[in-house]
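Encoded as structure tokens, the structure appears first; notes follow it.
Position 1 is the first residue of the sequence, and the numbers go up from there. As a basis for the values below, the full set of heavy atoms in this structure was taken, side chains included, without hydrogen atoms, waters or symmetry mates.
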Amino acid sequence: MCGRYAASRKPEDLVGIFGVEKWEPEETLAPDWNVAPTKDVYAVLERPLKDAGEPRPVRQLRALKWGLVPSWAKSPEGGAKMINARAETVHEKPSYRRPFASRRCILPADGYYEWVTAAQERQLEEKGKRKRPRKQPYFVTPVDGSVMAMAGLYEFWRDRTLPDDHPRSWWVTCTVITTEADKEPFGGEGHDEGPRSLAEIHPRMPLVLTQDRWASWLDPARTDPDDLLPLLAPPPSGLLRAYPVATGVSDVRNNGPELLTELEAPEEGTLF
């Protein structure tokens, strides 16, 4: 799954990387090394500009709220739970099928965090000696240091309790699409201790789009599910690496580049 990630790149850099034509400086977000659900995040999307007088889709960098609220929802309260959409069923689930057909986006990230429960801790939990096992966080990131382009969907929701001209009358929210985790060994240098593949950390991972799929994924003219389903294929193996980081990232109040510091081995008491 993807429940926490890091996104520290400047908007100017994202504009260049993704060929963005339009972004508003007032939507600039601060670097965030501990992105959690309900936070505002950057998304790359294509749609016509409002009041622009032309129907041509324009590639934009927007700030959206993470946690998709369906357009038909009575309230936004369930958005915090809808942070991930499964690639296998995204084309048929009521909450996601319409956005999948016409409102796809890319969520840029440095990488994402995933937690592994230590073997010793699992044994204690099974014996009833501990209610909450201590977990070792890992940071998963591209081997070559490039931006991680996570496939996403976005949706509009109208708050009917507010007047039309209220700045918060419309919510724009998003979700990360996930797929089956890669079972092949990590790319790059590994660690003597700990997992050897993403699947050994968690059975799910974000759907990472390679650059050759960006244009097709963002194209709002592509609306046929049968035409879109091939874009949900997992990326090639060996593009990502994972390394242990300090357990401080488990607290959403902690935020800073030190959260990405690579540990030589998992922290004591959290050995895989």
Sub-6.0 Å ring centroid separation between F156 and W171: no

Check ion pair E46-R59 (N to O, under 4.0 angstrom): yes

Note, R97 side chain near E92 side chain (heavy atom, < 4.5 Å): no

L153 CG to N84 CG distance, which is reported to the nearest 0.5 Å: 11.0 Å

Worked check of side chain to side chain donor-acceptor pair (under 3.5 Å) between S8 and D110: CA-CA 7 Å; S8 65; D110 304 326; 2.7 Å; yes

Pairing of K65 and E155 as salt bridge, 4.0 angstrom limit: no

E114 and K135 ion-paired at < 4.0 Å: no

Minimal non-hydrogen separation, P94 against W72, with atom names: O-NE1, 3.8 Å

Parallel, tilted or perpendicular: ring planes of F139 versus Y113, cut at 30 and 60 degrees: tilted

Non-hydrogen side-chain atoms of C2 and M150 separated by less than 4.5 Å: yes

Closest approach of A109 to V147 (non-hydrogen atoms, all atoms of both residues): O-CG2, 3.6 Å

Heavy-atom closest pair, residues P244 and Y138: N-CD2, 3.5 Å

Shortest non-hydrogen contact from C105 toward L218: CA-CD2, 3.8 Å

Contact check, side chains of V245 and L260, non-hydrogen atoms, under 4.5 Å: no

Interatomic spacing from OG in S102 to CG in L228 - rounded to 0.5 Å: 9.5 Å

Student check: side-chain heavy atoms of V44 and P108 closer than 4.5 Å: yes

Between R47 and Y154: side-chain donor-acceptor atoms closer than 3.5 Å: yes

For the student: nearest non-hydrogen atoms of P70 and S95, plus distance: CG-OG, 3.7 Å

Derivation of the side-chain contact (heavy atoms from CB on, under 4.5 Å) call for Y42 and L14: CA-CA 9 Å; Y42 282 130; L14 297 176; 3.7 Å; yes

hydrophobic_cluster_shared for L29 and L61, side chain cutoff 4.5 Å: yes

Qualifying residues under ring pair (Phe, Tyr, Trp, His ring centres under 6.0 Å), relative to F100, sequence neighbours excluded: none

Any side-chain heavy-atom pair of T179 and L232 under 4.5 Å: no

R56 and E21: CA distance, side-chain angles, deciding distance, side-chain contact (heavy atoms from CB on, under 4.5 Å) verdict: CA-CA 12 Å; R56 179 181 70 88; E21 300 176 72; 3.2 Å; yes

Chi angles and distances behind the side chain to side chain donor-acceptor pair (under 3.5 Å) call for T173, W157: CA-CA 8 Å; T173 60; W157 181 79; over 6 Å; no

Value rounded to 0.5 Å, distance of CD1 in I106 from CE in M148: 13.0 Å

Same apolar cluster: L229 and L209, side chain cutoff 4.5 Å: yes

Shortest non-hydrogen separation from P234 to R213 and the atoms involved: O-NH2, 4.1 Å

Derivation of the side-chain contact (heavy atoms from CB on, under 4.5 Å) call for Q60 and L49: CA-CA 9 Å; Q60 307 172 42; L49 294 175; 3.6 Å; yes

ILVMFWY network linking Y96 to L45, side-chain heavy atoms under 4.5 angstrom: no

Listed partners of V252 passing side chain to side chain contact (heavy atoms under 4.5 Å, CB included), at least two apart: R4, A36

Sub-4.5 Å side-chain heavy-atom contact between Y5 and V41: yes

Criterion side-chain contact (heavy atoms from CB on, under 4.5 Å) on I83 and V176, from CA distance to verdict: CA-CA 6 Å; I83 60 173; V176 177; over 6 Å; no

Note: R204-E180 ion pair, threshold 4.0 Å (strictly below): no

Salt-bridge present (D164, R158; N to O < 4.0 Å): yes

Pairwise distance CG(L64) to CG(D40) - rounded to 0.5 angstrom: 8.0 Å

Non-hydrogen side-chain atoms of P11 and T28 separated by less than 4.5 Å: yes

Heavy-atom check, side chain of T38 versus side chain of W66, under 4.5 Å: no

Value rounded to 0.5 Å, distance of SG in C174 from CG in L68: 7.5 Å

Separation between CZ of R62 and CD of E27, rounded to the nearest 0.5 Å: 5.0 Å

Derivation of the side chain to side chain donor-acceptor pair (under 3.5 Å) call for N34 and N254: CA-CA 7 Å; N34 203 353; N254 295 329; over 6 Å; no

Cluster check V172, M82: I/L/V/M/F/W/Y, side chain < 4.5 angstrom: no

Pair R222-S216, side-chain donor/acceptor within less than 3.5 Å: yes

